[in-house]
Amino acid sequence: MAHIRVRFAPSPTGPLHIGGLRTALYNYLFARQAGGTFILRIEDTDQSRYISGAEQYIIESLSWAGIEPDEGPGVGGDYGPYRQSERKNLYQKYAEQLIVSGHAYYAFDTPEELAARRAQNPAFKYDSSVRLQMRNSLTLAAEEVAQLIELGKPYVVRLKVPRNELIAFRDRVRGEVQFHSEELDDKVLLKSDGMPTYHLANVVDDYLMKITHVIRGEEWLPSTGHHVLLYRAFGWTPQMPEFAHLPLILKPNGKGKLSKRDGQKLGIPVFPLAWKDAKEIFEGFREFGFLPEAVVNFLAFLGWNPGTEQEVYTLEELYQLFSLDKVSKGGARFDFDKAKWFNQQHIMRLDGYALAQRVRPWIAQHGVTPDESYLAAVCELLKSRVTLLSDFWTQGAYFFTPVTQYDEAAIRKRWKPERRPIIEDFIRYLSQLTTWDAATIEQAIHAYVQAKGLKFGEVLPFVRLALAGTLKGPGVNEMMALLGKETVLQRLQEGLDRFDQIVSATATS
RNA sequence: GGCCCGUUCGUCUAGGGGUUAGGACGCCACUCUUUCAAGGUGGAGACACGGGUUCGAUUCCCGUACGGGCUACCA
């Protein structure tokens, strides 16, 4: 087959959501796997829905996910411009061509007239059965049409859908799909503002940009019949791309496709990056503490899987394995728990230093800038215990600042002021240690506990509580080694006072 | 309403005319660890329904039900 060229063609009407990202991802994986070209094309033909900043958002989101277009706005390429608004007159030319060849016609019906038709018949369709009752170049005399255009009367160009044709095509994920032409309406190709609709622009650009595979969401399946007709009308059937319609990503409850509102309603991210509205901010996966590679992995598996039992993959591994034939047909629900699991898996895959880079901004948010090796060591210690990048701070702040929060319930339950001499003695013992690393500390604690006839449970929980404020966390030895002797002794001493305070506060209240 | 697409554990899915229907998330238990995770082991848990075809259907066909998408001068 010829050189593979695919495109992701979002329209800049708002933030790219996770379903769009997945479509981009599948296109990207498919292109990379085949050594093909991945193109970004901005479909900004509806100026009423245009949102400034959306294009930039899309580009940044793709880039965050590691998806870099080979051609597109800002990147260039031999088939530009890659913004449809900049290709406007091209479409007019092609619409003209269709009129000349009899595959399209001018229509002068006003929006009000059409609305009236729909009011009396909700199922009204502007199609081959009614077009001869409408005001268009099929019913009006040629001179009249010319005059209306001359007078600057608004008009649209509509596709003249043939009667009695079977439109069949092979979809890479669904197999044979067919439509009867009677069921298709005479879609508007060129709007009265001179801009093309999706249908025209899409087909013209895919042809001009030599797109070989159209991989897009299932919501486009119903209009593919029109697209096939367009390729026929232009005489481009031999160049018609292969279609692959992806299953939709559904709301967690399965009722409909995932939408912007679901994020706010359920407290889950539905956008890759944060997006600011006029009135609210939508946090993205990035702001929730997700690694882009985890999001990519999660998304890749929503509607596809390699058929192996391995689930955790990098982007590179994914494109080696990807295959359209393994894309599933049914819609997939968005499962936030699974997303978090992927994130945890990818966090564990990274070593301390790699993690430190990702975690640093999260720590810096709290005004702390630890040095690299220390941060890396903390990350290494914490990485199997966190699921989100934000957890490094929420679960490990005590590595960077004094303990601010003590688990008071645990202290009340376990601490007895009579124990104080034991811990004080232990502090003295520790202060005599001359070597300070995890192994030495472990041995020392062992020896101490044994010598004094104590149980670990009489010492360790209090050490942990004094050092971290919580009973949870990495091994005490590692924690102590990292924190350093001075800090450990100090926190232990302070902890004793805090414990007494907390316990006596309960006693009096 | 019409047209199109779909339907394997709660969720994501593997599989495919004869299987103990496999894995992962989540859940439960045990284990490891004197913490919490991670890890390990085990458990509960699915072929929507009805007809065919067939020696045999979860798998193929047809219906039905249910779900979803589309039905704009939006993409």
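Values in this document were obtained by computation on a predicted structure and should not be read as measured data. Order of the sequence lines fixes the chain letters, A, B, ..., with proteins taken first and strands second; residue numbering starts at 1 for each chain.
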Give every pair of a protein N or O atom and an N or O atom of nucleotides 48-50 of chain B that lie under 3.5 Å apart, one pair per line with the distance.
none

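- Base pairing of B:G6 is made with B:C66, judged by Watson-Crick or G-U wobble geometry with both donor-acceptor distances under 3.5 Å.
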Encode nucleotides 70-75 of chain B as B, S and - characters from 5' to 3', where the letter depends on protein heavy atoms closer than 4.0 Å: B to the base, S only to sugar-phosphate, - to neither.
S-SBBB
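- Judged by distance alone, the side chains of A:D391 and A:T387 do bring a donor and an acceptor atom under 3.5 Å apart.
- Taking atom P on both B:C25 and B:U41, the two are 12 Å apart, rounded to the nearest angstrom.
- Taking the P atom of each, B:G51 and B:A57 are spaced 12 Å apart, rounded to whole Å.
- A distance of about 12 Å separates the P atoms of B:A29 and B:A37, rounded to the whole Å.
- Between the P atom of B:G2 and the CG atom of A:L184 lies a distance of 17 Å, rounded to the nearest Å.
- Atom NZ in A:K329 sits about 16 Å away from atom C1' in B:C47, given to the nearest Å.
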Which atom pairs link the protein and nucleotides 8-12 of chain B when you take only N or O atoms and keep those under 3.5 Å?
unit_1 : atom_1 : unit_2 : atom_2 : d
B:C12  : OP1    : A:R333 : N      : 3.1
B:C12  : O2'    : A:F301 : O      : 3.0

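- Remark: the separation of the P atoms in B:G2 and B:U64 is 12 Å, to the nearest Å.
- Remark: B:C36 base-pairs with no nucleotide; criterion is Watson-Crick or G-U wobble with both hydrogen-bond distances under 3.5 Å.
- Protein atom CG of A:L166 is 11 Å distant from nucleotide atom P of B:C4, rounded to whole Å.
- Contacts of A:K326 with the nucleic acid, taken as non-hydrogen atoms under 4.0 Å apart, involve only primed sugar atoms and P, OP1 or OP2.
- Under the side chain to side chain donor-acceptor pair (under 3.5 Å) criterion, A:R83 pairs with A:E55, A:E86, sequence neighbours left out.
- With sequence neighbours left out, A:S323 forms a side chain to side chain donor-acceptor pair (under 3.5 Å) with no residue at all.
- Going from atom CZ of A:R216 over to atom C1' of B:C5 covers 14 Å, rounded to whole Å.
- Distance noted for atom P between B:A72 and B:A14: 34 Å (whole Å).
- In the model, A:T224 has a side-chain atom that pairs as donor or acceptor with a side-chain atom of A:R216 under 3.5 Å.
- Take A:S328 and apply the side chain to side chain contact (heavy atoms under 4.5 Å, CB included) test, not counting sequence neighbours, and it matches no residue.
- With 3.5 Å as the limit, one finds no donor-acceptor pair spanning the side chains of A:Y50 and A:T45.
- A gap of 10 Å separates the C1' atoms of B:U8 and B:A48, to the nearest Å.
- Using modelled atom types and a 3.5 Å distance limit, the side chains of A:H213 and A:N27 yield no donor-acceptor pair.
- Here B:G18 sits opposite B:C55 as a Watson-Crick or G-U wobble pair (both hydrogen-bonding atom distances under 3.5 Å).
- Contacts of A:A332 classified as side chain to side chain contact (heavy atoms under 4.5 Å, CB included), with partners at least two apart in sequence or in another chain: A:L302.
- Mapping A:R174 and A:V327 onto RNA chain B via the closest heavy atom, the residue that lands nearer the 5' end is A:R174.
- Residue pairs that meet the side-chain hydrogen bond (donor to acceptor under 3.5 Å, both in side chains) test with at least one member in residues 456-483 of chain A, sequence neighbours left out, do not exist here.
- Under the side chain to side chain donor-acceptor pair (under 3.5 Å) criterion, A:Q395 pairs with no residue, sequence neighbours left out.
- Note on A:K383: nothing from the nucleic acid sits closer than 4.0 angstrom, heavy atoms only.
- Using P as the reference atom, B:C30 and B:U11 are 28 Å apart when rounded to the nearest Å.
- Under the Watson-Crick or G-U wobble criterion, with both distances below 3.5 Å, B:A24 is paired with B:U11.
- To the nearest angstrom, P of B:C4 lies 14 Å from CD of A:E176.
- Contact annotation: A:N305 does not reach the phosphate of B:U13 (side-chain N/O to OP1 or OP2, under 4.0 Å).
- B:G23 and B:C36 are spaced 28 Å apart, taking the P atom of each and rounding to whole Å.
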Mind listing the side-chain donor-acceptor pairs of residues 346-356 of chain A below 3.5 Å, one per line with the distance, residues two or more places apart or on another chain?
unit_1 : atom_1 : unit_2 : atom_2 : d
A:H346 : NE2    : A:N297 : OD1    : 2.7
A:R349 : NH2    : A:V312 : O      : 3.4
A:D351 : OD1    : A:Y353 : N      : 3.0
A:D351 : OD1    : A:A354 : N      : 2.8

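- Taking the side chain to side chain donor-acceptor pair (under 3.5 Å) definition, one finds that A:D262 meets it with A:K251, A:S259, sequence neighbours left out.
- Using a cut-off of 4.0 Å between Lys/Arg side-chain N and Asp/Glu carboxylate O, A:D277 and A:K260 are scored as salt-bridged.
- Aromatic ring orientation, A:W415 versus A:F462: perpendicular (interplanar angle above 60°, classes split at 30° and 60°).
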Classify every nucleotide of nucleotides 28-42 of chain B by which part a protein heavy atom approaches to under 4.0 Å, writing B for the base, S for the sugar-phosphate alone and - for neither, in 5'-to-3' order.
------BBBBSS---
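- At most 12 heavy atoms of other shown residues, nucleotides or ligands fall within 6.0 angstrom of atom NZ in A:K329.
- Under a 4.0 Å N-O distance rule, the pair A:K452/A:D425 qualifies as a salt bridge.
- The partner of B:C74, taking Watson-Crick or G-U wobble pairs whose two distances both stay under 3.5 Å, does not exist in any strand shown.
- Whole-Å rounding puts the A:L246 CG to B:G69 P distance at 16 Å.
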